[in-house]
Amino acid sequence: MGSNFDWGFLFPLIGLQTTSPSQAGFLISLTTIFVPIELWLFKRQRPTTWQFLSITISLLGIFFLKMHGSSINFQFGDLWCLATGALYAGHIILTAEFTRSDSPLQIGIWQIISASFFATSAVVLINHQFPLPTDYTTWGSVLGLGVLCTAVGFILHSFAQKHTTPLDMGLIFSLEPLFSACFSWLFLENC
């Protein structure tokens with residue numbers, strides 16, 4: 001299950017070579033709609049009327065937040081970003097299944113360990129080397145992103161997933177573009 005995060009980082013990077021960041025964000029945020037579709041396909045669960053209404057409103061919000069007047073042009077990279085959203089939805093559903101009977105902490109730790117192993121293997125196979133940072137600033141960034149944003153984030157996700165439904169978690173994921181816009185404005189525009 002942990003190797004899911006290799007594509008979660010790799011697919012958007014490939015997609016961003018031919019698509020815009022706002023379009024990539026919109027397509028990845030379609031996790032919100034992929035969760036109920038995948039629940040229906042694989043578990044025959046249908047969303048309640050309120051969940052369906054919430055999904056619709058969140059999709060409209062994501063659309064208006066990310067597109068703000070730009071046109072939608074389909075690029076090859078969009079397929080990679082769309083696949084990321086579909087795979088994130090599968091990850092949410094699987095995490096819900098595994099946290100019912102297993103420790104969320106162990107699940108989160110194994111996700112990070114396996115993702116680290118597969119990502120490191122891919123770097124070595126593709127580059128035939130493993131470049132390490134050479135200065136303190138870069139090491140700080142790597143450790144901050146690796147520990148706070150990745151490890152802590154995914155472990156907390158496993159704990160939260162134990163106490164909510166996949167549909168509700170998909171709706172929570174729809175807030176990602178809002179937070180990215182707010183943090184972008186806070187750290188990039190106000191600096």
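Among all heavy-atom pairs drawn from Glu38 and Ala86, the shortest one is OE2-O, 2.7 Å. Closest of all the heavy-atom pairs between Ser158 and Ile107 is OG-CG2, 3.9 Å. Shown here for Pro104 and Lys162, the closest heavy-atom pair between the two residues is CG-CD, 3.6 Å. Between Val142 and Pro133, the closest heavy-atom pair is CG2-CG, 4.0 Å. When all heavy atoms of Pro166 and Ile93 are compared, the closest pair comes out as CB-CG1, 4.1 Å. Here the closest heavy-atom approach between residue Pro36 and residue Thr32 is recorded as CD-O, 3.0 Å.
Listed by chain and residue number, Trp50, Ile57 satisfy the side chain to side chain contact (heavy atoms under 4.5 Å, CB included) test with Leu53 (two or more places apart in sequence, or in another chain). For the side chain to side chain contact (heavy atoms under 4.5 Å, CB included) test, residues two or more places apart in sequence or in another chain that qualify with Leu132 are Phe130, Trp139. Checked against side chain to side chain contact (heavy atoms under 4.5 Å, CB included), Ser141 has no partners two or more places apart in sequence or in another chain. Listed by chain and residue number, nothing satisfies the side-chain hydrogen bond (donor to acceptor under 3.5 Å, both in side chains) test with Thr99 (two or more places apart in sequence, or in another chain). The side-chain hydrogen bond (donor to acceptor under 3.5 Å, both in side chains) test applied to Thr138 returns Asp135, not counting sequence neighbours. Residues that satisfy the side chain to side chain contact (heavy atoms under 4.5 Å, CB included) test with Leu156, not counting sequence neighbours, are Val152.
Heavy-atom contacts from other residues, nucleotides or ligands closer than 6.0 Å to CZ of Phe159 number more than 12.
Side chain of Thr150 to main chain of Leu145: a donor-acceptor pair is present (N/O by atom type, distance under 3.5 Å, no hydrogens or angles). A donor-acceptor pair is defined here as one N or O able to donate and one able to accept, closer than 3.5 Å; such a pair exists between the side chain of Ser114 and the backbone of Gln111.
For the atom pair CG (Asp78) and OG1 (Thr18), the distance works out to 6.5 Å, reported to the nearest 0.5 Å. Rounding to the nearest 0.5 Å gives a distance of 11.5 Å between CZ of Arg46 and CZ of Phe52. Atom CD1 of Ile155 is separated from atom CD1 of Ile109 by 5.0 Å, given to the nearest 0.5 angstrom. In this structure, CG on Leu94 lies 10.0 Å from CD on Gln161, to the nearest 0.5 angstrom. How far OH of Tyr88 is from OG of Ser29: 10.0 Å, rounded to the nearest 0.5 Å.
Residue Phe34 is tested with Ile92, Leu87, Leu82, Leu41 for a side chain to side chain contact (heavy atoms under 4.5 Å, CB included); the sole match is Leu82.
There is a path of hydrophobic side-chain contacts, each under 4.5 Å, that joins Ile37 to Leu167. Linking ILVMFWY residues whenever their side-chain heavy atoms come closer than 4.5 Å, directly or via other members, leaves Ile113 and Val147 in distinct clusters. Linking Ile, Leu, Val, Met, Phe, Trp and Tyr whenever their side-chain heavy atoms come within less than 4.5 Å leaves Ile28 and Leu16 in two separate clusters. When hydrophobic clusters are built by joining Ile, Leu, Val, Met, Phe, Trp and Tyr residues whose side-chain heavy atoms come closer than 4.5 Å, directly or via intermediates, Leu148 is not grouped with Leu143.
Residues in residues 97-123 take part in these salt bridge (Lys or Arg N to Asp or Glu O under 4.0 Å) pairs, two or more places apart or across chains: Lys43-Glu97, Glu97-Arg100.
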